[in-house]
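Nothing here was measured: the structure is a model prediction, and the numbers come from that model. Sequence lines set the chain letters: A, B, ... in the order given, protein chains first and strands last, and positions in each chain run from 1.
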2 protein chains.
Amino acid sequence: MGEQVFNITELAQEFDITTRAIRFYEDQGLLEPARAGQRRIYNRRDRVRLMLILRGKRIGLSLQEIRELFALYDAAHDDEPQLQEFIRILARKEQQLLAQMEDIKVVLTEIGQLRGQCEKSLGKRGNGHNQAKEL
Amino acid sequence: MGEQVFNITELAQEFDITTRAIRFYEDQGLLEPARAGQRRIYNRRDRVRLMLILRGKRIGLSLQEIRELFALYDAAHDDEPQLQEFIRILARKEQQLLAQMEDIKVVLTEIGQLRGQCEKSLGKRGNGHNQAKEL
DNA sequence: CGATAACTTGACGTTTACGTCAACGTCAAC
DNA sequence: GTTGACGTTGACGTAAACGTCAAGTTATCG
């Protein structure tokens, strides 16, 4: 009934990051793996944390923000002011994410239009001087 | 019939950035405003460029990527290989953006769930030891 | 036992995107 | 004419997120 564990290179390979990055996250207080001697041993919970870190990064959170969210989440279960603060942070981030999604939609639309234009001008080649609007 | 122009502080205020940032974008080859003596004069086209720069940043493009896209867009009208490259870059970025939107959706969903939990535990207070699942 | 591989802890270097002076130019207002 | 307000060009500083050695430790294989 031994719990499943991982070493640092396994995690690095699984998530396609460097071991240096993983140690850096630990330096920043985002991970606290157990040790066997001086070597780091990661359990499933550590692995989940790492996944959360990486997803946080993908949506534009800084490591500091991720750490704050971890800390608040840990504290939020029995401290009401912390819990309120947690909710506020989440709401604020939600607004940022929604705004970002709007930007992304706009850009995707424009990409589609531009690609349409490109392929058209590839088809009827040789006109060479499309009027470039305003950019 | 003089064209509408702006100076650097006007643009800085309008877009809530510093003049330093605007000059930095020029250093990086993203803007080329006219000059009146040594002072910079921005026209509507410069202003649109600045808007594009800022939107590019908001969706996670580096200044270098933005510059490349500008350059490719400029060249793409009469150079077919450039145009193909342009399309490839746009397609790649589109995939990144779609993946990012997926991440954002997941996080927004979780934020909603967490907020629900928070408000519930605020209502029926005093149980103090919610089982924190896996985080 | 020695070699090799994998891991460890510093320590310093790097890139991006500006911030922050310093020192100077210029133009209108007093 | 000088005093601000605003603008300019360097030059150096900074924070985030690692990369890149260097030098030592531990485990394992033959």
Discussion item. Salt bridge or not between Glu102(A) and Lys105(A)? Use side-chain N to carboxylate O under 4.0 Å.
Written reply: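 The answer is yes: the pair qualifies as a salt bridge.
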In whole Å, I'd like the distance from the [atom1] atom of [X] to the [atom2] atom of [N].
X	N	atom1	atom2	value
Arg23(A)	dC7(C)	CZ	P	8 Å
Leu11(B)	dC6(D)	CG	C1'	15 Å
Asp27(A)	dA17(D)	CG	C1'	12 Å
Ile8(B)	dT9(D)	CD1	P	9 Å
Glu65(B)	dT16(C)	CD	C1'	12 Å
Ile53(A)	dA16(D)	CD1	C1'	15 Å
Glu10(B)	dG7(D)	CD	P	9 Å
Phe24(A)	dA11(C)	CZ	C1'	14 Å

Worksheet item: Within the distance-only criterion (no hydrogens, no angle test), does the side chain of Arg67(B) pair as donor or acceptor with the backbone N or O of Gln28(B) below 3.5 angstrom?
Response: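 Such a contact is found between Arg67(B) side chain and Gln28(B) backbone.
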Item to complete: When you get a sec, tell me which of dC18(D), dG7(D), dC7(C) is the closest nucleotide to the side chain of Thr9(A)?
Response: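 Nearest to the side-chain atoms of Thr9(A), counting from C-beta on, is dC7(C).
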Using a cut-off of strictly less than 4.0 Å, decide whether [X] has a side-chain nitrogen or oxygen near OP1 or OP2 of [N].
X	N	answer
Tyr25(B)	dA17(C)	no
Arg35(A)	dT25(D)	no
Arg39(A)	dT9(C)	no
Lys57(B)	dC18(C)	yes
Arg40(A)	dT8(C)	yes
Asn7(B)	dC6(D)	no
Gln64(A)	dA16(D)	yes
Thr18(A)	dC18(D)	no
Thr19(A)	dC7(C)	no

Item to complete: Please tell me which of Ser62(B) and Gln38(B) maps to the more 5' nucleotide of DNA chain C, matching each residue to the nucleotide holding its nearest heavy atom.
Response: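 Going by which nucleotide is closer to the 5' end, it is Ser62(B).
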Nearest 0.5 Å please: distance from the [atom1] atom of [X] over to the [atom2] atom of [Y].
X	Y	atom1	atom2	result
Asp46(B)	Leu50(B)	CG	CG	9.0 Å
Glu32(B)	Glu26(B)	CD	CD	8.0 Å
Ile53(B)	Phe70(B)	CD1	CZ	5.0 Å

Discussion item. Only pairs with both distances under 3.5 Å count, Watson-Crick or wobble alike; so what is the partner of dA29(C) in this structure?
Written reply: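 Its partner is dT2(D) (Watson-Crick or G-U wobble, both distances under 3.5 Å).
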Worksheet item: Are side-chain heavy atoms of Ile66(A) and Tyr25(A) found at a separation under 4.5 Å?
Response: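 A side-chain contact is absent here, since even the closest heavy-atom pair is not under 4.5 Å.
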Item to complete: Spell out yes or no: do the side chain of Arg20(A) and the base of dT20(D) have one donor N/O and one acceptor N/O closer than 3.5 Å?
Response: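 Indeed, a donor on one side and an acceptor on the other fall under 3.5 Å apart.
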